[in-house]
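Below is a structure I'd like to ask you about.
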Amino acid sequence: DIQMTQSPSSLSASVGDRVTITCRASQSISSYLTWYQHKSGKAPKLLIYSASTLQSGVPSRFSGSGSGTDFTLTINSLQPEDFATYYCQQSVSTAYTFGQGTKLEI
Amino acid sequence: QVQLVQSGAEVKKPGASVKVSCKASGYTFSSFDIIWVRQATGQGLELVAWMNPDSGDTGYAQRFQGRVTLTKNTSISTAYMELHSLRSDDTAVYFCARNEGPREGFDPWGQGTLVTVAS
């Protein structure tokens, strides 16, 4: 199975900061990469698909980039509601592997 | 609007089975795969299995092979996931989601169903 590795596992930041989360695949996944935001007790929310396409309704401060094995999620000007756990997920294989998550804390 | 609504929380004893439902509305049920994902306490998101409601094709994460049964009732736009031989480490919130496509990700998601396994 394709392994997805995120870094860092946790991250402390402040409102207004710019943060970057990275995701590395164990083999090339082209742009079959999705990012989700997950808050405790709620359903995960799709942020970005195809590595860099912003889901409708998601604020433009979120952006994604990368292809092949290395990907990034960037959040500009952090807002209070952005503090959550973020996951990458590959869909080139139907194992649909998730990264282990990055917890973004104040 | 497109929506997935899951059945309520369950408490089961070790060795038992649990069946979680996921009712779709706002779209043609057979047109999109349904994905099952879980999150155990303190853990990350983990794929359990997926089903194509049109063909009936299914796929399972390796660790759940032989322990999960996926079914559907197309007439009521509902998918089901049954997990057998429950263990305490199966205690988790189980989500269903619609697979938008090979590059489009999973959206929307159901609200989640807490399954607690305890003696």
Side-chain angles (χ1 to χ4, degrees), chain A residues 1-10 21 23 25 29-58 62 64 66-67 71 73 84-104, chain B residues 1-9 20 22-24 32-52 55 57-65 68 70 81 92-114:
Chain A
D1 282 356
I2 298 171
Q3 305 302 315
M4 306 299 292
T5 304
Q6 289 181 231
S7 61
S9 296
S10 64
I21 298 168
C23 177
I29 58 170
S30 183
S31 61
Y32 289 79
L33 191 284
T34 305
W35 289 98
Y36 299 91
Q37 178 192 67
H38 190 204
K39 296 181 180 180
S40 181
K42 297 199 169 185
K45 176 183 177 181
L46 191 158
L47 298 175
I48 289 168
Y49 62 91
S50 294
S52 60
T53 303
L54 197 66
Q55 175 74 340
S56 176
V58 173
F62 291 91
S67 67
F71 302 87
L73 171 70
T85 301
Y86 293 84
Y87 294 91
C88 62
Q89 176 242 323
Q90 65 81 18
S91 56
V92 74
S93 84
T94 56
Y96 297 120
T97 326
F98 289 90
Q100 80 277 17
T102 296
K103 187 173 184 179
L104 179 54
Chain B
Q1 74 282 21
V2 176
Q3 194 174 9
L4 299 176
V5 178
Q6 299 181 222
S7 48
V20 179
C22 173
K23 182 172 175 59
F32 297 87
D33 289 4
I34 292 290
I35 307 293
W36 292 91
V37 171
R38 80 176 190 182
Q39 183 182 37
T41 305
Q43 303 297 310
L45 299 176
E46 175 182 34
L47 178 81
V48 176
W50 57 266
M51 167 182 266
N52 181 312
S55 65
D57 286 348
T58 56
Y60 304 90
Q62 200 161 6
R63 62 180 294 181
F64 298 104
Q65 286 269 4
V68 171
L70 299 184
M81 182 210 63
V93 178
Y94 290 78
F95 295 98
C96 63
R98 186 180 80 164
N99 188 356
E100 293 271 293
R103 291 180 184 267
E104 288 80 11
F106 304 156
D107 185 69
W109 293 62
Q111 81 276 21
T113 297
L114 174 61

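Small disclaimer: the values here were computed from a predicted structure and weren't measured. Letters A, B, ... are given to chains in the order of the sequence lines, protein chains preceding strands, and every chain is numbered from 1.
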For B/D107 and A/Y49, run side-chain contact (heavy atoms from CB on, under 4.5 Å): C-alpha distance rounded to whole Å, both residues' side-chain angles, the deciding distance at 0.1 Å, then the answer.
CA-CA 11 Å; B/D107 185 69; A/Y49 62 91; over 6 Å; no
Heavy-atom distances under 4.5 Å only: say whether B/I35 touches chain A with side chain, backbone, both or neither.
side chain
Please determine, among B/Y60, B/W109, B/W50, the option with the most heavy-atom pairs under 4.5 Å with chain A.
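Sorted descending by pairs with chain A, the first entry is B/W109.
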Which heavy-atom pair separates A/A43 from B/F95 by the least distance, and what is that distance?
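Shortest heavy-atom contact: CA-CE2, 3.7 Å.
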What orientation do A/Y36 and B/F106 show, parallel under 30°, tilted 30 to 60°, or perpendicular over 60°?
tilted
The interface call for A/Q90 against chain B, heavy-atom contacts under 4.5 Å, is neither
As an exercise, state the distance from CG of A/L46 to CD of B/E100, rounded to the nearest 0.5 Å.
7.5 Å
With a cut-off of 6.0 Å (strictly less than), are more than 12 heavy atoms of other residues, nucleotides or ligands near CD of B/Q65?
yes
So for atom NZ, which belongs to B/K23, do other residues, nucleotides or ligands contribute more than 12 heavy atoms lying within a distance under 6.0 Å?
yes
B/R103 to A/S91 - nearest heavy-atom pair and separation:
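Residues B/R103 and A/S91, closest heavy atoms: CA-OG, 4.3 Å.
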Go through A/T34, A/T97, A/T94 and name the one with the most non-hydrogen pairs under 4.5 angstrom from chain B.
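The option with the most such pairs is A/T94.
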Top of A/S50, A/S40, A/G101 for chain B proximity - count of heavy-atom pairs under 4.5 angstrom
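Option with the top pair count is A/S50.
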Quick one, B/Q39 and A/Y87 - any side-chain contact, counting heavy atoms below 4.5 Å?
yes
Inspect the surroundings of NZ in A/K39 and state if more than 12 heavy atoms from other residues, nucleotides or ligands are less than 6.0 Å away.
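Counting neighbours around NZ of A/K39, more than 12 heavy atoms of other residues, nucleotides or ligands fall under 6.0 Å, so yes.
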Pick one of side chain, backbone, both or neither for A/S31, based on which atoms fall under 4.5 Å of a heavy atom in chain B.
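Contact with chain B: backbone and side chain both.
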Determine, stepwise, if the pair B/V37 / A/Y96 fulfils side-chain contact (heavy atoms from CB on, under 4.5 Å).
CA-CA 10 Å; B/V37 171; A/Y96 297 120; over 6 Å; no
